[in-house]
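Quick note: residue numbers are just sequence positions, from 1.
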Amino acid sequence: MGRFESIIITLVVLAVAIILVFSFAFGYLRHVKITVDDASLTHMELVTTPTTALAYNLSLMLVIRNPNWAIAIKHDKPLDAANSFDGQQFDRAHVADKGDKQRAGKTVVYRLDTSSDGRRSVSLGNAGEASFRKQNATGLFEVEVKLTGKFKYTARYHKCKLEATCPLKLQLAPPGSPAVVFQKVECKLAKPENKYC
Ligand SMILES: *[C@@H]1O[C@H](CO)[C@@H](O)[C@H](O)[C@H]1NC(C)=O
Ligand SMILES: *[C@@H]1O[C@H](CO)[C@@H](O)[C@H](O)[C@H]1NC(C)=O
């Protein structure tokens, strides 16, 4: 084999290797993983005058992992978290802004403190108030946190909706009461809308 042929073969092998590495790095997409690693509910009260509302203090540690080793994500819309009780949304908070990036392989921890003094009306209805009384009797409250947003993966054209629900069981622990252990919760991602997401 001449010198020329061996150079050609080396180049072809190199090209194939580069294509393989790139298609492995960018072709195979892994979805983000979202968990609530810690949460504490220090106040939860049903207010009925002047309007039905929840007075509460909740703080969460929301963890978003990007398991891709070459693909970053960039938020194309603000990432929001909505808190619901008995199916009724009672608060909403921004988690990340439009334009925020999460690099490949990175884990980002968001600390979300939400509270209300009970002046924002919530349409709990009879059923919601009944659920509140029932859960209040045990001190264990079920709150669902729903994340919604839109983002883009590096080197991808499509914008992908992000939707995840985190069902939380929160033991009310006012300041000064014994600490309660929170069991980490995995948030459930909605099915991607298409194969590019
Ligand atoms: C709840 O939050 C409010 C406002 O952020 C704060 O003033 C209050 O002390 C908090 N109460 C509890 C019980 O954590
Ligand atoms: C919730 O429970 C607390 C203490 O157990 C009680 O004082 C309060 O009245 C209850 N609230 C409702 C709406 O049942």
Side-chain angles (χ1 to χ4, degrees), residues 32-65 75-100 102 107-151 159-191 193:
V32 293
K33 289 207 165 59
I34 307 178
T35 52
V36 175
D37 285 22
D38 198 10
S40 71
L41 183 69
T42 51
H43 181 205
M44 186 66 153
E45 201 184 322
L46 180 67
V47 175
T48 48
T49 45
T51 170
T52 304
L54 292 173
Y56 81 103
N57 294 51
L58 171 64
S59 67
L60 301 180
M61 200 169 106
L62 184 75
V63 179
I64 303 184
R65 289 181 185 80
H75 292 280
D76 195 63
K77 256 190 177 178
L79 179 66
D80 282 355
N83 300 343
S84 303
F85 179 81
D86 204 50
Q88 299 302 313
Q89 184 177 317
F90 64 90
D91 212 344
R92 203 165 71 88
H94 279 309
V95 179
D97 292 322
K98 179 179 168 154
D100 282 0
Q102 183 162 348
T107 295
V108 180
V109 178
Y110 295 101
R111 183 140 195 127
L112 287 186
D113 291 314
T114 47
S115 65
S116 167
D117 56 6
R119 276 183 294 193
R120 277 196 299 269
S121 134
V122 187
S123 36
L124 287 179
N126 262 320
E129 288 187 27
S131 297
F132 185 93
R133 291 203 173 82
K134 213 166 140 194
Q135 296 182 25
N136 184 54
T138 62
L140 190 65
F141 288 94
E142 290 179 20
V143 170
E144 186 187 82
V145 175
K146 183 170 178 179
L147 297 165
T148 50
K150 207 168 215 189
F151 65 89
K159 289 173 183 166
C160 300
K161 263 191 207 154
L162 176 68
E163 202 177 297
T165 46
C166 322
L168 308 180
K169 284 198 166 73
L170 303 157
Q171 180 66 50
L172 177 65
S177 63
V180 288
V181 179
F182 177 79
Q183 286 285 335
K184 174 173 163 173
V185 166
E186 284 200 18
C187 303
K188 193 170 178 287
L189 284 181
K191 247 181 105 161
E193 67 228 277

Peer 1: Which value, rounded to the nearest 0.5 Å, describes the distance between Asp97 atom CG and Leu79 atom CG?
Peer 2: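 These two atoms lie 9.5 Å from each other.
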Peer 1: Does one side chain, of Ser116 or Asp91, offer a donor that lies under 3.5 Å from an acceptor on the other?
Peer 2: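 Distance-only check fails for Ser116 and Asp91.
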Peer 1: I'd like to know whether CG of Asp113 has more than 12 heavy-atom contacts from other residues, nucleotides or ligands below 6.0 angstrom.
Peer 2: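 It does: Asp113 CG has more than 12 such atoms within range.
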Peer 1: Looking only at heavy atoms, what is the nearest atom pair of Gln171 and Gly139, with distance?
Peer 2: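 Shortest heavy-atom contact: NE2-O, 3.2 Å.
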Peer 1: Of the non-hydrogen atoms in Pro178 and Ala173, which two are nearest, and what is the gap between them?
Peer 2: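 Pro178 and Ala173 have their closest heavy atoms at O-CB, 4.2 Å.
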Peer 1: Does the side chain of Asp80 pick up a donor-acceptor pair with the side chain of His94 at under 3.5 Å?
Peer 2: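 Distance-only check passes for Asp80 and His94.
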Peer 1: Let me confirm one number: the CG-CG distance from Leu140 to Leu168, rounded to the nearest 0.5 Å.
Peer 2: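 Interatomic distance, Leu140 CG to Leu168 CG, rounded to 0.5 Å: 11.0 Å.
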Peer 1: Is there side-chain contact between Thr51 and Thr49, with heavy atoms separated by less than 4.5 Å?
Peer 2: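 Answer no - side chains too far apart.
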Peer 1: Can you give me the closest heavy-atom contact between Ala164 and Cys187, atom names plus distance?
Peer 2: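 Where Ala164 meets Cys187 most closely, the heavy atoms are CB-CB, 4.2 Å.
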Peer 1: With the side chain counted from C-beta on, respond yes when Lys146 and Glu163 share a heavy-atom pair under 4.5 Å apart, and no when they do not.
Peer 2: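 The answer is yes, as the side chains (C-beta and beyond) meet within the 4.5 Å cut-off.
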Peer 1: Between Gln102 (side chain) and Ile64 (backbone), is there a donor-acceptor pair under 3.5 Å?
Peer 2: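 Yes, the answer is positive, given that a donor and an acceptor are paired below the 3.5 Å cut-off.
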Peer 1: Output the distance between atom CG (Leu162) and atom CZ (Phe151), rounded to the nearest 0.5 Å.
Peer 2: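 Spacing of CG (Leu162) from CZ (Phe151) equals 5.5 Å.
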Peer 1: Go through Leu54 and Leu46 one step at a time and tell me if the side-chain contact (heavy atoms from CB on, under 4.5 Å) criterion holds.
Peer 2: CA-CA 5 Å; Leu54 292 173; Leu46 180 67; 4.2 Å; yes
Peer 1: Quick one: does any side-chain atom of Glu193 pair with a main-chain N or O of Lys161 as donor and acceptor, under 3.5 Å?
Peer 2: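 Yes: the side chain of Glu193 pairs with the backbone of Lys161.
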Peer 1: Could I get the full list of salt bridge (charged side-chain N to carboxylate O under 4.0 Å, His left out) partners for Asp86, not counting sequence neighbours?
Peer 2: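 Counting only residues at least two positions away or on another chain, Asp86 forms no salt bridge (charged side-chain N to carboxylate O under 4.0 Å, His left out).
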Peer 1: Looking at CG of Asp76 and SG of Cys160, how far apart are the two atoms once the value is rounded to the nearest 0.5 Å?
Peer 2: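 If we round to the nearest 0.5 Å, Asp76:CG and Cys160:SG are 10.0 Å apart.
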Peer 1: Test Pro167 against every option in Val36, Val145, Val185 by the side-chain contact (heavy atoms from CB on, under 4.5 Å) rule and name the one that passes.
Peer 2: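 Result for side-chain contact (heavy atoms from CB on, under 4.5 Å) with Pro167: Val185.
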Peer 1: Which pairs pass ring-ring contact (aromatic ring centres under 6.0 Å, His included) with one or both residues in residues 33-57, sequence neighbours excluded?
Peer 2: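 Only Tyr56-Phe90 qualify under ring-ring contact (aromatic ring centres under 6.0 Å, His included).
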Peer 1: Could you walk me through whether Glu142 and Gln135 pass the side-chain contact (heavy atoms from CB on, under 4.5 Å) test, one step at a time?
Peer 2: CA-CA 8 Å; Glu142 290 179 20; Gln135 296 182 25; 3.8 Å; yes
Peer 1: Once rounded to the nearest 0.5 Å, what's the spacing between atom OG of Ser115 and atom CG of Asn57?
Peer 2: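 Here the interatomic distance stands at 5.0 Å.
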Peer 1: Just so I know, are the side chains of Val95 and Leu147 near enough to count as touching, which here means a heavy-atom distance under 4.5 Å?
Peer 2: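 In short, these two side chains touch, coming nearer than 4.5 Å.
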Peer 1: If you count every heavy atom of other residues, nucleotides or ligands that lies below 6.0 Å from Glu129 atom CD, does the total exceed 12?
Peer 2: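 Yes.
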Peer 1: Begin from the C-alpha positions of Met61 and Tyr110 and carry the test side-chain contact (heavy atoms from CB on, under 4.5 Å) through to its verdict.
Peer 2: CA-CA 6 Å; Met61 200 169 106; Tyr110 295 101; over 6 Å; no
Peer 1: Counting only N and O atoms by type, is there a donor-acceptor contact under 3.5 Å from the side chain of Ser131 to the main-chain atoms of Ala127?
Peer 2: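 It does hold such a pair.
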Peer 1: Leu58 vs Leu170, test: side-chain contact (heavy atoms from CB on, under 4.5 Å). Steps then yes/no.
Peer 2: CA-CA 9 Å; Leu58 171 64; Leu170 303 157; 3.7 Å; yes
Peer 1: Can you name the closest pair of heavy atoms from Phe182 and Lys169 and give their distance?
Peer 2: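 Taking every non-hydrogen atom into account, CE1-O, 4.0 Å.
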Peer 1: Could you tell me the separation between the CG atom of Leu172 and the OG1 atom of Thr42, rounded to the nearest 0.5 Å?
Peer 2: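 So the gap between those two atoms works out to 8.0 Å.
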Peer 1: Using a 4.5 Å cut-off on heavy atoms from C-beta on, say whether the side chain of Leu62 contacts that of Val109.
Peer 2: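 Sidechains of Leu62 and Val109: no contact.
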Peer 1: Do Met44 and Val143 touch side chain to side chain, with heavy atoms closer than 4.5 Å?
Peer 2: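 Met44 reaches Val143 side chain to side chain.
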Peer 1: Please list, chain by chain and in numerical order, all residues satisfying side chain to side chain donor-acceptor pair (under 3.5 Å) with Thr165, sequence neighbours excluded.
Peer 2: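 For Thr165, no residue satisfies side chain to side chain donor-acceptor pair (under 3.5 Å) once neighbours in sequence are set aside.
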